[in-house]
2 protein chains.
Amino acid sequence: MTRTASYHHGDLRQEAHQLALDTIRDQGDTAISLRALAKQLGVSAPALYRHFADRESLLAALAVSGFEELRERLLAVDQRVPRRALIDIGLVYVGFAQDEPNLYRLMFGGRVLPKGVHPKLDEAGHGAFKVLENTIARAQQVGYLKPMPVALMTAAAWSLVHGLAQLSIDGHLPGAKAEPLMAEGVLSLLLDGSLSDSESTSHKEIEQ
Amino acid sequence: MTRTASYHHGDLRQEAHQLALDTIRDQGDTAISLRALAKQLGVSAPALYRHFADRESLLAALAVSGFEELRERLLAVDQRVPRRALIDIGLVYVGFAQDEPNLYRLMFGGRVLPKGVHPKLDEAGHGAFKVLENTIARAQQVGYLKPMPVALMTAAAWSLVHGLAQLSIDGHLPGAKAEPLMAEGVLSLLLDGSLSDSESTSHKEIEQ
DNA sequence: TGATTAAGTTAACGGTGGTAACATTGTTAA
DNA sequence: TTAACAATGTTACCACCGTTAACTTAATCA
């Protein structure tokens with residue numbers, strides 16, 4: 001902490017990480033330049049290369065931070081009542097994206113994560129994903145959800161919240177004001193279905 | 001077509017657009033540089049600025065092309081049977097993303113479309129969206145879907161297919177081989193719901 | 001203490017988006 | 001027909017970027 005204004009910086013890696021995180025938060029990833037970061041940190045640009053292989057690795061590290069925070073938020077959801085747990089975890093997910101749109105875009109923009117390039121990133125992403133999956137598995141175990149492959153329901157749930165998140169932060173959902181309500185309604189649809197009563201009465205899976 | 005090798009190029013705007021489209025298709029938007037494009041077109045870089053205000057405007061024009069093709073594909077879906085129309089339009093949507101992952105990412109990466117910057121882009125996006133909305137409205141009119149705000153169901157459907165598309169092209173859906181089946185199953189869940197029979201028998205919307 | 005290593009430095013390369021000032025061509029009106 | 005004008009090219013340049021190479025300083029450890 002006590003910057004001695006000497007040759008060695010002391011904690012460059014973490015300070016760069018933090019500054020980059022702040023920058024990305026309110027300006028997006030395109031605004032991040034290693035040279036600019038270095039200047040703000042009072043250090044030469046190549047110094048950063050001692051701590052990050054390249055620009056993309058830095059961005060990947062930031063994305064990891066994002067996934068970690070997302071995971072923590074998801075873990076904080078009350079799991080006692082299956083329906084509320086499922087709805088709430090969706091709302092928390094979308095809420096994270098709305099709170100940190102630029103970070104969220106970095107995490108899922110497909111710009112950093114061709115999967116396999118940065119193992120730590122894959123791991124962090126999987127960690128967040130796992131929380132969602134566990135919630136679903138639990139709901140199914142107590143008989144709240146239909147018997148079906150967990151992977152199927154997880155894919156559906158993740159797709160829905162991810163799509164909702166992305167469309168929301170890009171301003172593509174009309175009711176900007178009523179969005180929390182909208183989100184809850186959308187999530188409910190995945191649980192309750194959207195067919196009219198006359199179509200869904202009893203089990204009419206085979207209709208041909 | 002007959003390049004006269006003269007000072008004026010003749011059709012630079014369209015040729016640049018096409019070349020950029022091809023480039024983005026198999027290399028992604030980061031691979032697009034105005035200078036490189038100009039070189040390939042046998043023209044100086046600033047010449048392109050006669051036809052595109054800046055790099056972002058070019059990308060926006062490409063995204064417009066993407067939305068137009070997406071719209072055409074969606075329009076080709078058979079609308080006669082509500083359930084199949086709804087499922088198929090979802091499959092076509094996801095199929096487009098899988099066929100053109102880089103173009104899709106450009107269209108929805110949030111990189112070009114802060115909405116309002118490029119009106120033509122907003123318009124093209126809305127055009128594609130409208131097809132989905134119409135399909136849903138029609139299904140509801142014939143009594144296939146629950147009575148509810150069309151905007152709600154549209155948001156749900158769009159979120160679901162968009163999320164599915166994005167997760168699919170980023171390789172986040174496990175069963176890469178069984179993905180068409182997976183997609184159909186996921187889409188069905190939004191229609192039929194995911195609650196177990198004991199939870200969904202009759203109308204138990206109020207459970208407290 | 002002296003050698004090794006970690007973590008900085010300056011200098012430089014090639015590439016980028018973008019602007020300014022100028023040149024050429026096609027078009028249009030006197 | 002030609003003179004003016006607008007459209008569409010050109011070269012020269014700017015500031016910035018990511019990145020590497022070669023060198024310097026400081027900390028660590030045998």
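Since we're looking at a predicted model, the values are computed, not measured. Below, read A as the first sequence line, B as the second, and so on, with proteins coming before strands; counting in each chain starts at 1. Values below: every heavy atom of this structure, side chains too, minus hydrogens, waters and symmetry copies.
A salt bridge links B/Asp99 and B/Arg73; the closest N-O separation between the charged side-chain nitrogens and carboxylate oxygens is under 4.0 Å. Under 4.0 Å is where a charged nitrogen must lie from a carboxylate oxygen, and between B/Arg105 and B/Asp170 at least one such pair does. Ion pairing of B/Glu123 with B/Arg71 is absent here, as no side-chain N (NZ or NE/NH1/NH2) approaches a carboxylate O to less than 4.0 Å.
When the P atom of C/dG18 is taken as reference, atom CG of B/Leu37 falls 13 Å away, rounded to whole Å. Rounded to whole Å, the distance from NZ on A/Lys39 to C1' on C/dT9 is 16 Å. What separates CG of B/Leu48 from P of C/dT16 is a distance of 13 Å, to the nearest Å. Between the CZ atom of B/Arg55 and the C1' atom of C/dG15 there is a distance of 13 Å, given to the nearest Å. Remark: P of D/dT8 and CG of B/Leu41 are 16 Å apart, rounded to the nearest angstrom. For the pair B/Phe52 CZ and C/dT19 P, the computed distance is 16 Å after rounding to whole Å.
A rotation axis mapping the C1' atoms of four pairs onto the next four is fitted at both ends of the helix from C/dT1-D/dA30 to C/dA30-D/dT1 over five pairs, and the angle between these axes is 0° to 10 degrees.
Looking only at side-chain heavy atoms (C-beta outward), A/Ser168 and A/Gln98 come within less than 4.5 Å of each other. Counting heavy atoms from C-beta outward, B/Leu145 and A/Glu199 have side chains that stay 4.5 Å or more apart. A heavy-atom distance below 4.5 Å is not found between the side chains of B/Ser200 and A/Asp192.
Residue B/Ala53 is the one, among B/Ala53 and B/Arg50, whose nearest nucleotide of DNA chain C lies closer to the 5' end (criterion: closest heavy atom). The 5' end of DNA chain D is approached more closely, in terms of each residue's nearest nucleotide, by B/His51 than by the other of A/Ala36 and B/His51.
A/Ile32 comes within 4.0 angstrom of the backbone, heavy atoms only, and of no base.
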Reading 5' to 3' through nucleotides 11-16 of chain D, protein heavy-atom contacts under 4.0 Å coded B for base, S for sugar-phosphate only, - for none
BBB---

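With D/dG9, D/dG18, C/dG18 as the candidates, the nucleotide lying closest to the side chain of A/Leu34 is D/dG18.
Close placement of the B/Phe108 and B/Phe67 rings is indicated, their centers lying within 6.0 Å of each other.
Using the six-membered ring where Trp is involved, A/His162 and A/Tyr93 have ring planes that are perpendicular, over 60° apart on the 30 and 60° scheme.
Environment of NZ in A/Lys130: sparse, with no more than 12 heavy atoms of neighbouring residues, nucleotides or ligands closer than 6.0 Å.
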